[in-house]
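As structure tokens, the structure follows; a few thoughts come after it.
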Protein chains: 2
Amino acid sequence: MTMTRTRSKPSAKREAILDAAQRLFLVEGYAATSMDAVAAGAEVSKATIYAHFEGKDQLFAAIMHRRCEASFAFASPDESFDAERTFTTYAERLLGLLMTPDAMALYRVVVAESARTPELAQAFYETGPIRGKAAIAASVACLQARGELATDIDPLVIADQFIGMLRAETYHRALLGLPEGRSVAKTIAAAVQTLMRAYGKR
Amino acid sequence: MTMTRTRSKPSAKREAILDAAQRLFLVEGYAATSMDAVAAGAEVSKATIYAHFEGKDQLFAAIMHRRCEASFAFASPDESFDAERTFTTYAERLLGLLMTPDAMALYRVVVAESARTPELAQAFYETGPIRGKAAIAASVACLQARGELATDIDPLVIADQFIGMLRAETYHRALLGLPEGRSVAKTIAAAVQTLMRAYGKR
DNA sequence: GTCTATAGAAAGATAGAC
DNA sequence: GTCTATCTTTCTATAGAC
């Protein structure tokens with residue numbers, strides 16, 4: 001009752017600040033978001049923000065952690081699926097996540113700040129991409145053990161290549177705010193086909 | 001002799017401004033680079049910058065065009081190469097280009113600004129990535145015609161997937177400023193192998 | 001913890017002389 | 001075209017009352 005650790009008590013104001021900051025950072029970007037705007041959005045005074053967070057940097061870091069934790073909670077496909085269906089399911093889930101406006105906006109800001117704030121980029125990479133990749137690699141290893149995929153290739157390499165193909169043209173255009181090129185469905189189908197032709201055992 | 005079109009006369013001051021701006025934008029990022037800093041770097045007054053460029057936006061756009069034109073001048077591999085060697089050569093040239101600190105810094109800024117300046121992202125995409133992709137797709141079509149690659153696949157799809165695999169983990173980590181994971185050489189070898197296993201005709 | 005009010009610095013852009 | 005000097009705005013951060 002006497003303790004008041006900053007992190008443990010999610011006061012209403014604190015949550016309001018986080019919500020407003022998330023909305024603004026992801027829509028406007030880091031530099032273009034002012035603390036005044038966050039204060040206005042949270043209907044809170046600026047001084048209150050500084051009572052809860054050390055500064056703009058820390059506030060953004062808090063947002064990023066929150067988003068990554070929420071986003072990359074990644075259910076694996078059913079283990080009874082064959083290789084093709086496993087890949088397809090992963091692809092749909094991954095792109096469904098990555099193509100979210102929020103996820104793309106977060107990624108834009110992380111990329112932009114990575115040159116000046118490597119810790120941020122590292123935290124992002126470890127709570128985000130690495131977990132997705134590990135999940136896919138684990139499934140690949142499982143499929144290899146079952147004899148559905150060739151075994152003379154590192155599961156991590158397959159996972160990287162798969163994610164790379166999924167993040168090619170279609171995702172890339174969306175990230176840059178350009179009109180859609182190839183459809184997501186075609187991108188997925190093509191990536192799955194390539195991996196199956198290269199490493200499938202049927 | 002009487003004409004003084006802004007673009008045609010590359011005055012020394014103008015070049016100095018562009019050089020200083022390029023260095024600063026790519027190292028510090030767009031937002032973190034002030035016009036004062038550019039002026040100081042170019043040893044020129046701020047007013048002179050505004051005499052040559054409409055504002056910060058236009059200045060950055062000029063930098064980006066200059067870089068893209070210079071970077072993506074992309075020689076195709078020898079036509080006598082087989083598929084494997086063609087892919088490998090492209091991969092080395094492409095990653096040699098993309099992994100340049102300058103190229104990564106430019107890409108970071110373009111990504112960051114794309115949400116607020118779509119024209120910039122579009123100009124980048126068209127002077128940069130699209131040209132690289134078209135060059136690779138053309139070579140793929142040529143290899144298909146020679147019977148070295150399967151013909152039941154769109155050359156553009158192969159080009160996209162190839163670039164995607166090359167830009168996966170290794171490049172991605174570098175972009176985010178993280179320590180190197182897999183080596184560039186291994187990434188290239190693995191991507192070429194996957195494409196050859198899937199679509200090679202030997 | 002929360003507010004009002006403001007400090008203090010830095011930014012983008014321009015006026016006017018030469 | 002180029003400069004010096006300055007305007008105006010906006011930003012992060014804080015002091016001090018409650």
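Letters A, B, ... are given to chains in the order of the sequence lines, protein chains preceding strands, and every chain is numbered from 1.
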A:Ile17 atom CD1 is separated from C:dC3 atom C1', nearest whole Å, by 13 Å

Whole angstrom is fine here: how far is it from CD in A:Glu43 over to C1' in C:dC3?
15 Å

Do B:Met35 and B:Ile49 have side-chain heavy atoms sitting under 4.5 Å apart?
yes

Are any of B:Tyr50's side-chain N or O atoms less than 4.0 Å away from OP1 or OP2 of C:dA13?
yes

Is any side-chain nitrogen or oxygen of A:Lys13 closer than 4.0 Å to OP1 or OP2 of C:dC3?
yes

With the side chain of A:Thr48 defined as its heavy atoms from C-beta on, choose the nearest nucleotide among D:dC3, D:dT12, C:dT2.
C:dT2

Whole-Å distance separating the CE atom of A:Met35 from the P atom of C:dA7:
20 Å

Within this structure, what is the CZ-to-P distance between A:Phe53 and D:dT12, rounded to whole angstrom?
15 Å

From the candidates C:dC3, C:dG12, D:dC3, the one with an atom nearest any side-chain atom of B:Val44 is D:dC3

Aromatic rings A:Tyr30 and A:Phe25: how do their planes relate, parallel, tilted or perpendicular, breaks at 30° and 60°?
parallel

Measure from NZ or CZ of B:Arg85 to the centre of the six-membered ring of B:Phe81, then state whether that distance is under 6.0 Å and the direction lies within 45° of the axis.
yes

What is the minimum heavy-atom distance between A:Gly41 and A:Ala20, and which atoms define it?
C-CB, 3.7 Å

Measure from the side-chain heavy atoms of A:Ser34 and tell me the nearest of C:dA13, D:dT12, D:dT2.
D:dT12

Separation of D:dC11 atom P from A:Glu28 atom CD, nearest Å, is 11 Å

Consider the side chain of B:Lys56, meaning its heavy atoms from C-beta on, and name the nucleotide among D:dT4, C:dA13, C:dC3 that approaches it most closely.
C:dA13

Have A:Gln122 and A:Glu126 got a donor and an acceptor in their side chains that come within less than 3.5 Å?
yes

With the side chain defined as heavy atoms from C-beta on, A:His52 is closest, among C:dG1, C:dT14, D:dT2, to C:dG1

Interatomic distance, A:Lys46 NZ vs C:dA5 C1' [rounded to whole Å]:
10 Å

For the side chain of B:Ser45, counting heavy atoms from C-beta on, which of D:dT4, D:dT12, C:dG1 is nearest?
D:dT4

Tell me: CG of B:Asp36 to C1' of C:dA10, nearest whole Å?
8 Å

Between C1' on C:dT4 and CD1 on A:Ile49, what's the gap in Å once rounded to a whole number?
15 Å

Tell me which nucleotide among D:dT2, C:dA13, D:dT14 gets nearest to the side chain of A:Ala47.
D:dT14

